[in-house]
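Below you'll find the structure, written out as structure tokens, and then a few comments.
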Amino acid sequence: MNTNTLTRAGSPAAAHEACARCDVFRAARLRKLGVKVDRWDYVVALAGNPNTGKSTVFNALTGLRQHTGNWPGKTVTRAEGGFEYDGRRYKLVDLPGTYSLLSTSVDEQIARDFILFGQPDVTVIVADATRLERNLNLVLQVLEITPRVVLCVNLVDEARRHGLEVDARQLARDLGVPVVLTAARRGQGLAELLGAIADVATGRVACRPHRLATDPPALQPALKELTAKVETAFPGLPNARWVALRLLAGDESIIEAVRRGELGQLREPAPVAPTDQPAARQPAIVAP
Amino acid sequence: MSAQTLALQQDLLETAQRWRERIPGDLHEHVVEAIYADAMRIAARAVSRPGAAAQPTFDRWLDRVVTSRVWGFPIMAALFTLMFWITISGANVPSQALAGLLVDQIHPWLRETTTGLGWPWWLRGVLVDGMYLSTAWVVSVMLPPMAIFFPLFTLLEDFGYLPRVAFNLDALFKKAGAHGKQAMSLMMGFGCNAAGVVSTRIIDSPRERLLAIITNNFSLCNGRWPTQILIATIFIGALAPAYLSGLAAAGTVVAVASLGVAMAFAMSWLLSRTVLRGELSTFSLELPPYRPPRIGQTLYISLLDRTIFVLWRAVVFALPAGAVIWLTGNVRVGDASLAEHAVRFLDPLGFWLGLNGVILLAYLIAIPANEIVIPTVLMLTVTVTGMTDLGAGAGVMFELDDENAVASLLRAGGWTTLTAVNLMLFSLLHNPCSTTIYTIYRETGSTRWTALAILLPVVVGVVVCVGVAAVWRALQ
């Protein structure tokens, strides 16, 4: 099997101990497994706004050549691949791009359901450095659901071309999760990204995610009762509190999933219903 | 689901409803506002602008030009014409070289070898004259144009031009009562209609998504490009002076493809005012930054993922089709072969459509894949006209020296410019291939909409072909 192992001069045994702890050195032991992921230690989800380079990161880590294109909405299904890094096997799931977890198109539902119910060990959010503020909308929503997040601020080369600098340390402090700057098209920052993924997956780094101040005290009894009822109706469901919050906000797609008893199931998207009416719409979170 | 689970779910929904009524204000908006505020604060702390913008003005300028009211459409037409012109003029030489090798040299050698080995005539017929020859044909006709067209298309995609096309077309889609993102699925349909149908998932309203699915077949897929390119080259290109023939052929192909887009608009408009009435939904389409395409990777991916994938599919369908063609050309019932019977039966209908029985039979045989229409047409023409001197007997796809040989063969088979024009129109306007039909069924989950998606283009095609034939004959 062609493992695409990156090789370095000198034998690993001879490497200095400091080198062995360095991300760049460990990245030399990246084995791209392509689609051959029959068993794995960790599941990593790749999420992010449309057209931020998720598929490029996916291809760089798995050695697969999923078609990438410079337009939002290119990936409409989940693509899976694998890699081995530092002796652990990872399954990587490339999700369709989404601006928000609160909206209703089929490709966005695929992404939302996987982050919510697929229980990935790490969720890597790929953000566009040139449009960081809007991308953070999604990051903050994901942080409400899962603490195990790595933020990959991609396209820093383009941001630099536009005269923008992103302070990764400041971001990491504010968000409470590891932040890596990458230019995936050129392969820059991927070693650091791998290191951050491994750190979160193995628990070497504990995340203290930023939480929104969304819960007014008046909401507490409602949230408490609903969360309990969600847990009874759908035992084993992660993120029952998030579901309760969405029910309170009147999210039609979540209400529908409860009604059909399909909440938390990962499936191929339902066919479009033969209906003459457009679906109930919610304002999507998309910054102008 | 047990009654108990149902009761639990019902209770949950009712509780949520009760609380919702008691909570003051709009919680959804409250959450959204909190997210916006935090995102703004955090981004402001992390992003700095030390240098002046290095180049953004160029992107902005380019966007203003390619999406302008005046230049947007001319630039689109020019870019696509250029792409087809490069494809048509570039594919000519390698196509002939491949045909010379696979058809002129390897095929006679295979016949001699198998004869020498003492194979019975029918076995040699099915395997060498049917399956091998149809496959050789598909490879030599399809591989060169695809190997040029797909990388060019992928480069354009990589550069970021497609969303600008969607932007330009959005106003038209709005007038047609359809979703602006339908432009993206339409563009994907230029590659493959099955892929185009899947890509409609980016449209969130079911009504508008159905419109996009049903009209996707109007974008000319790669299985039909070779038909258009070949017929345009030998019939339309030949009408122009030699130095302009490539451009005339490219212009014709662009015209047919544009007609397809116009049909998609017209049918969306019709459907959205009849069976698919409903509101327009709003959406935001991000115009991504222009990125210099990575030439090497683009070539590699488009050759491997698209060209080889499509070619492989064509070969898989061409193998059995070749056997079927040879059998229909050689199994005789009464005074003629099966193919001749079928062609005679279909001829009156074909005449009415401005086509002929051969073309209609070819479309029946080629339902699994549009890619093999042209090889089937050519072979059936040889069979029916009995031009055995050109090939090696009934049911054998003849040797292709150059495109003039194809032209003279087709003219001997009774083809006129009308036949060519209507074949191009019918190739654009007929039922989707079986893969696309299956994909439409899977995405819509409804036989009703699938049936509509199959019948609509056929009906449009018949109406257009009959109309063109009637007008053409009236003018002559």
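The figures here come from the full heavy-atom set of this structure, side chains too, leaving out hydrogens, waters and symmetry mates. Chain A is the first sequence line, chain B the second, and so forth, proteins listed ahead of strands; every chain is numbered from 1.
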**Request:** Sort Leu12(B) into side chain, backbone, both or neither according to what part of it lies under 4.5 angstrom from a heavy atom of chain A.
**Result:** both
**Request:** Can you see which heavy atom on Leu248(A) is nearest to which on Ala16(B), and at what distance?
**Result:** CD2-O, 4.4 Å
**Message:** Measuring from atom CG of Leu13(B) to atom CD of Glu256(A), what distance do you get when rounded to the nearest 0.5 angstrom?
**Reply:** 9.5 Å
**Fill in**
Counting heavy-atom pairs under 4.5 Å with chain B, the top scorer among Asp128(A), Val139(A), Asn135(A), Leu171(A) is Leu171(A)
**Message:** I need the Met40(B) CE to Asn137(A) CG distance, nearest 0.5 Å.
**Reply:** 11.0 Å
**Item:** Spatial distance of atom NE2 (His210(A)) from atom CD1 (Ile42(B)) [nearest 0.5 Å]
**Value:** 4.5 Å
**Request:** Name the region of Arg131(A), side chain, backbone, both or neither, that has any atom closer than 4.5 Å to a heavy atom of chain B.
**Result:** side chain
**Request:** Would you mind telling me which of Val166(A), Leu175(A), Val153(A) has the largest number of heavy-atom pairs within less than 4.5 Å of chain B?
**Result:** Val166(A)
**Complete:** Nearest heavy-atom contact between Leu136(A) and Ala39(B) is CD1-O, 3.7 Å
**Item:** Pick from Asn49(A), Thr130(A), Leu155(A) with the largest number of heavy-atom pairs that fall under 4.5 Å of chain B
**Value:** Leu155(A)
**Item:** Leu247(A), part contacting chain B, at a heavy-atom distance under 4.5 Å
**Value:** both
**Prompt:** Should the heavy atoms of other residues, nucleotides or ligands under 6.0 Å from CZ of Arg186(A) be counted, would the total exceed 12?
**Reply:** no
**Request:** Could you tell me which non-hydrogen atom of Thr232(A) sits nearest to which non-hydrogen atom of Leu8(B), and how far apart they are?
**Result:** O-CD1, 3.9 Å
